[in-house]
Amino acid sequence: MKKFKTFKRFRTLIGTALLLALAAACSDEPGLTPVNKEYGEEWYAGGKNGTVFNATARAYKQPMQPVNDDPVLYRQFMRGEELAAKSFVAAGETGYSGLGPVYIRKSCVACHPSYGGHSKRVDKFDTGDSRNGYLLMIYDPASPTLALASKYFTGMTQTRAIAPFKPPIDESGIELTWNEYVDEHGNRYEDGTPYSDGYSYAGTLIYPTVTVAQSAILFPDFDMSRHAASIEATIGIYGVGLIDAISDEDLRAQYEEEQARGYCPGVIGADIEESPEDNPYYPGKHPGRFTYLCTRATLDNGPGANAIWNITNVTRPTRQYHYITDEYARVMSADAGVQTALGQTGEDIYACLMSRDLDTEMTEEDYKAFMVWHRALAVPAARNLDDETVQHGRTLFYENGCTACHRPSWTTRASYTPLPALSNQTIYPYTDLLRHDLDMKEPGRARVCRTTPLWGRGLLPVTSGHSDMLHDLRARNCEEAILWHGGEAKNAREKFRAMTKADRQALIKFLEAI
């Protein structure tokens, strides 16, 4: 069945000579680390095969060396990068067709402006703003699981539509407010220094609240007063192939170890059943490890594999249907304006909106190329680990108990079929891949949140022009991220608060180095 549009696919082919020229140009960028130095294992954050010694604005965009060395994989990687960077458009327009009927963003870079990084904190929810990588969640605050309002809205709420269709929520009715927060210590360290001393906002902490006007809701019987809204920032995507390459057995062992020790016991992601269609390499049940809530288990059924479809609603051979709810299809197919504009009956519109047999708009070849790019984005090497202050900060990080959740290293599985070069790699992501409760003020749905991998985060100011962190970007720098660690991490936070200013700066310098 055709969608409501017809088009001719337009594909831009990049010549091999141009690709090689671009790669050569990157090697001359200032900020690249010379390779004539002997580095210890910890410098290779992504292991020997998954690390790139690049600390420039392109640090999150580099292919892993085994992909660089393989002409076929390299061409797929560059094609995948092109798909991630291009904006999809509605049918009938030139370019990458297939956008809509409703969507969240037009491209991957619209949420990940530096490809691997996340976007900047903003003051207004506007998906047309290239800095805004936020996703909107509508959920039931009375539910023990904070269940999404999935009868009406998709998991990642759509706020854009291709005419004559209308979005489930009109963005003009979404209000994002940043509130100041004062903790029990008056936002000061034990030595009297205000938090974030040296910044223009010294002594302040902030957190977001989101309200959605009832008038902005498309569905006449949906009661927003009984629901809540929150925002989640997009997650950095470099190194996810290596995270995927960690075995389920090792992840479960980490969970059991944390349960046995009696403090900071992480919550493991629920087992997710994946079919061969979801994951051609490892079908079966796997514990969740991707997203803030660990709702995705493997990369082939993970955030990126889903996002290239559900963010844009661009169909592919294994997803020949729209990312919409039945309630949306019912409301739109009954809309007189939509019927008139399309010249179709409500029954025909509903049948097309809910069809499971739509024409494909992304080829299997292109999807596989996208996944090569997604899987093979390298991790920037650690920097300055031989610096005396950084080494002191490392000691403090371990002594503070930070490694209870931010486990420094993992070894990937012995045989990783999707990209064998990622097998048997010792990596340093600094995460246990489990969820913890940090007892933050107004955390939204991410109340019990996955431990964020710390590798490469110190390059955010270089790659993305900001240092905003945490699941909703409430922390404007690494220091504030630590200060929001309450709940299970409160003891570590209080040890940080009790440090001298020099020690606090050393610990932060270590975090910026890894």
Lys/Arg-Asp/Glu bridge criterion (N-O < 4.0 Å) met for R474, D472
yes
For Y263, does the six-membered ring have the charged nitrogen or CZ of R261 within the cation-pi criterion, i.e. under 6.0 angstrom from the centroid and within 45° of the normal?
yes
State whether D432 and R450 are salt-bridged, where the test is any N-O pair (Lys NZ or Arg NE/NH1/NH2 against Asp/Glu carboxylate O) under 4.0 Å.
no
Stacked cation flag R457 on W455, 6.0 angstrom / 45 deg
no
Answer yes or no: is there an ion pair linking D387 with K509, defined by an N-O contact shorter than 4.0 Å?
yes
Side-chain ion pair, D191 and R504, N-O less than 4.0 Å:
yes
Sidechain N-carboxylate O distance under 4.0 Å for D183, R493:
no
Is it true that D503 and H392 share a donor-acceptor pair across their side chains at a distance under 3.5 Å?
yes
Picking from F496, Y189, Y201, what satisfies ring pair (Phe, Tyr, Trp, His ring centres under 6.0 Å) with Y195?
Y189
Using distance alone, with no hydrogens and no angle criterion, decide if T159 and D170 have a side-chain donor and acceptor under 3.5 Å apart.
no
What do you reckon, is CD of E388 surrounded by more than 12 foreign heavy atoms closer than 6.0 Å?
no
Is it true that N301 and T298 share a donor-acceptor pair across their side chains at a distance under 3.5 Å?
no
Min side-chain heavy-atom separation Q425-T411 under 4.5 Å:
no
